[in-house]
Amino acid sequence: MPRAGARRSRAGGTSAGRDLERYGAKRRFEKTPEPPPRQRRSTTGRLFVVQKHRATQLHYDFRLEGSGVLKSWSVPKGPSLDPAVKRLAVAVEDHPVDYASFEGIIPEGEYGGGTVMLWDRGTYRLDKGTDLATALRRGEVVFTLLGRKLKGGWSLVRLRGRSWLLIKRRDRSASSRDVTLTAPNSVLTRRTLARIAAAEGGDVRKAASGDPRKNARRS
Ligand code: MN
C-alpha cells in the first residue's frame, strides 16, 4: 500500500523504495548470498562502507547511508588520499543498509558475480548542509569520513548524469601514499580477495588478480 511519505520523497527524486526495487530486480536471492532489498536505518544513520569487488573488473563500491538505504557509486580505481587526484565514481543502484556487513562470494553468472571484500567501514558526517538527499540533488556532497583507512574531508561532485568525482579534501589525513596498495585487505577479517574466495568457494585465481602482487617489486 503506497504511503503519503513515500510519494513525497518520490516527488523529491529521492525515493529509496524505487531504487531498492532496482537492486532487487537485478538479483536472484535464491542464488546470491547478498542481503534482500529491505529498507532500514542503521543505529547511527550515518554508515559509510567501501567494498572492494572483483567482478568483471576490479572496482571499489563506495556507499553512504541516507533515507534508509546505502547510496552507492562504483569507483574503478578506488579512492585516492591525494587531493590532486580526482577519481571517477559512477552512481549505481541504492543498496540495502544490510549490505554494509556483506563480504563473500556472488556466484559466477549472477549479477556482479565475483568476490566482495569489506575494504573499509565507519561513519560519516555531512560538512555542508544537513541532508544527503538534498546534497545529492545539488550534485555536491561534502563530508568527513571516520573509517579505519579513509578519514578526514572528502567531496563527491557530479560531472554529468551518473558520473561523479570522488576527491580527497586537503587536511592532515591527505597523503600521496596509495592506500589501495598499502592497505589492500579486509577491514573486517584482514583477508585478501584470494583468501575470501578460497574460504567461500569462489574463483580464487580471478579473485587473486585483484590483490596486489607480492613479487611485483624487483631489486
Ligand atoms: Mn560492485
Side-chain angles (χ1 to χ4, degrees), residues 16 18-29 31-39 42 47-66 69-80 87-122 124 136 141 145 147-150 154 156 158-159 161-166 179-181 183-189 191-197 199-212:
R18 180 192 58 199
D19 281 340
L20 281 185
E21 277 174 31
R22 290 182 58 212
Y23 172 90
K26 286 171 181 284
R27 290 167 175 81
R28 298 191 289 176
F29 295 99
K31 303 274 187 191
T32 180
E34 292 167 285
R38 178 167 69 107
Q39 192 170 336
S42 73
L47 285 181
F48 96 88
V49 60
V50 183
Q51 274 143 333
K52 183 174 171 181
H53 184 185
R54 179 61 175 90
T56 309
Q57 302 286 336
L58 178 70
H59 60 275
Y60 293 73
D61 290 303
F62 186 87
R63 314 189 196 280
L64 296 175
E65 181 181 359
V69 299
L70 296 174
K71 296 290 174 182
S72 298
W73 292 261
S74 174
V75 184
K77 292 184 176 176
S80 170
R87 287 283 157 86
L88 177 67
V90 179
V92 298
E93 77 276 16
D94 292 351
H95 280 50
V97 165
D98 292 334
Y99 215 92
S101 46
F102 178 68
E103 176 172 283
I105 300 301
I106 302 171
E108 296 299 329
E110 298 303 309
Y111 179 74
T115 304
V116 178
M117 172 198 289
L118 258 177
W119 184 80
D120 199 14
R121 189 167 65 172
Y124 77 97
L136 290 170
V141 189
L145 294 179
R148 299 276 294 280
K149 301 176 185 180
L150 303 184
W154 294 77
L156 271 163
R158 183 162 53 217
L159 282 178
R162 304 190 76 80
S163 297
W164 296 64
L165 293 174
L166 176 65
V179 67
T180 66
L181 294 178
N185 296 347
S186 169
V187 75
L188 189 71
T189 61
R191 292 183 296 182
T192 61
L193 283 168
R195 282 193 55 204
I196 295 167
E200 313 206 12
D203 183 333
V204 177
R205 283 186 60 186
K206 178 183 168 186
S209 71
D211 288 319

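Hydrogens, waters and symmetry mates play no part in the numbers below; they use all other heavy atoms, side chains included. When a ligand or atom number is given, it counts from 1 through the structure's own listing order.
In this structure, D203 does not pair ionically with R205, as no charged nitrogen and carboxylate oxygen lie closer than 4.0 Å. Under the 4.0 Å criterion applied to side-chain N and carboxylate O atoms, K71 and E65 are not assigned as salt-bridge partners. Contact check on D94 versus R22 returns no salt bridge, with no Lys/Arg side-chain nitrogen under 4.0 Å from an Asp/Glu carboxylate oxygen.
Listed by chain and residue number, E103, S186, R191 satisfy the side chain to side chain contact (heavy atoms under 4.5 Å, CB included) test with T189 (two or more places apart in sequence, or in another chain). With sequence neighbours excluded, the residues that form a side chain to side chain contact (heavy atoms under 4.5 Å, CB included) with Y111 are K26, R27, E93.
Excluding waters, the set of protein N/O/S atoms under 2.8 Å from the Mn ion (ligand 1) reads H53 ND1, H59 NE2, D61 OD2.
Residue pairs meeting the salt bridge (charged side-chain N to carboxylate O under 4.0 Å, His left out) criterion with at least one partner in residues 110-119, sequence neighbours excluded, are R28-E110.
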